[in-house]
Amino acid sequence: TQLLEQSPQFLSIQEGENLTVYCNSSSVFSSLQWYRQEPGEGPVLLVTVVTGGEVKKLKRLTFQFGDARKDSSLHITAAQPGDTGLYLCAGASGNQFYFGTGTSLTVIP
Amino acid sequence: GAVVSQHPSWVICKSGTSVKIECRSLDFQATTMFWYRQFPKQSLMLMATSNEGSKATYEQGVEKDKFLINHASLTLSTLTVTSAHPEDSSFYICSVWAGELFFGEGSRLTVL
């Protein structure tokens, strides 16, 4: 069962543009994580957010956890070709983790 | 952190045969491992939670007899796809929780 919906599903932008990816759920999670995955490899953790309303910045990436801990967003400033990949959010529920539907980002040089 | 290794990375088999995929936690004793399945450009679907020394917990809709999971030690969990069919072709990934999720490299299964 897919508990988290991401939007958009696919995104193709020019280098230098900004973008936002959304992760929404009707469930409350104790924490939420964002991952980036390259083809043929396992996901790599970008950030974990725990507190409702929390904002974390990682260079050009800004992550926000919704006040109710049901949703999150990832904002990328001045996207670069190296940002290309599949972005996944994942919510922790008990001792299990459920992944969002994924957002495939392509940054065109 | 934890280093997680999967083997094999690629496997091609004939329809009707069984395939075993190994997931090893190289530097962390993992009582729990997770198995995911992923189709191209799609997200990871949790298949089951592997528990060391006990039965795996399968997600709804995942056939227990089809996807056999064994977690015999703190460093090894195996996923066996029994009587594989072309629709079982997918990317299978395992992960270990060690403060955060650490993933293996994934195993791509192609069933002819």
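Convention: sequence-line order gives letters A, B, ...; per-chain numbering from 1.
Counting heavy-atom pairs closer than 4.5 Å to chain B, the top residue among Gly102(A), Pro43(A), Ser104(A) is Pro43(A). Here Glu105(B) is the residue among Glu105(B), Gln6(B), Gln42(B), Arg108(B) with the most heavy-atom pairs under 4.5 Å with chain A.
Between Gln37(A) and Ile93(B), the closest side-chain pair of non-hydrogen atoms falls below 4.5 Å. Contact of the Leu45(A) side chain with the Leu101(B) side chain is not registered, since no non-hydrogen atoms from C-beta on lie closer than 4.5 Å.
Looking at every heavy atom in both residues, Ser43(B) comes nearest to Phe99(A) through OG-CB, 3.4 Å.
For Lys66(B), the NZ atom is densely surrounded, since the number of other residues' heavy atoms within 6.0 Å is greater than 12. Atom CD of Glu17(A) has more than 12 heavy atoms from other residues, nucleotides or ligands within 6.0 Å. For Lys20(B), the NZ atom sits in a loose shell: 12 or fewer heavy atoms of surrounding residues, nucleotides or ligands are nearer than 6.0 Å.
A donor and an acceptor atom, one from each side chain of Tyr98(A) and Glu59(B), are located under 3.5 Å apart.
Under the 4.5 Å side-chain heavy-atom criterion for ILVMFWY residues, no single connected hydrophobic cluster contains both Trp97(B) and Trp35(B). Both Leu61(A) and Tyr35(A) sit in one connected hydrophobic cluster of ILVMFWY residues. Membership requires side-chain heavy atoms under 4.5 Å apart, directly or through other members. Under the 4.5 Å side-chain contact rule for hydrophobic residues, Val11(B) and Ile69(B) share a cluster.
Of the inter-residue distances, the one linking Tyr36(B) atom OH with Phe97(A) atom CZ reads 7.0 Å to the nearest 0.5 angstrom.
In this structure, chain B has a heavy atom under 4.5 Å from the side chain of Gln33(A), while its backbone stays farther away.
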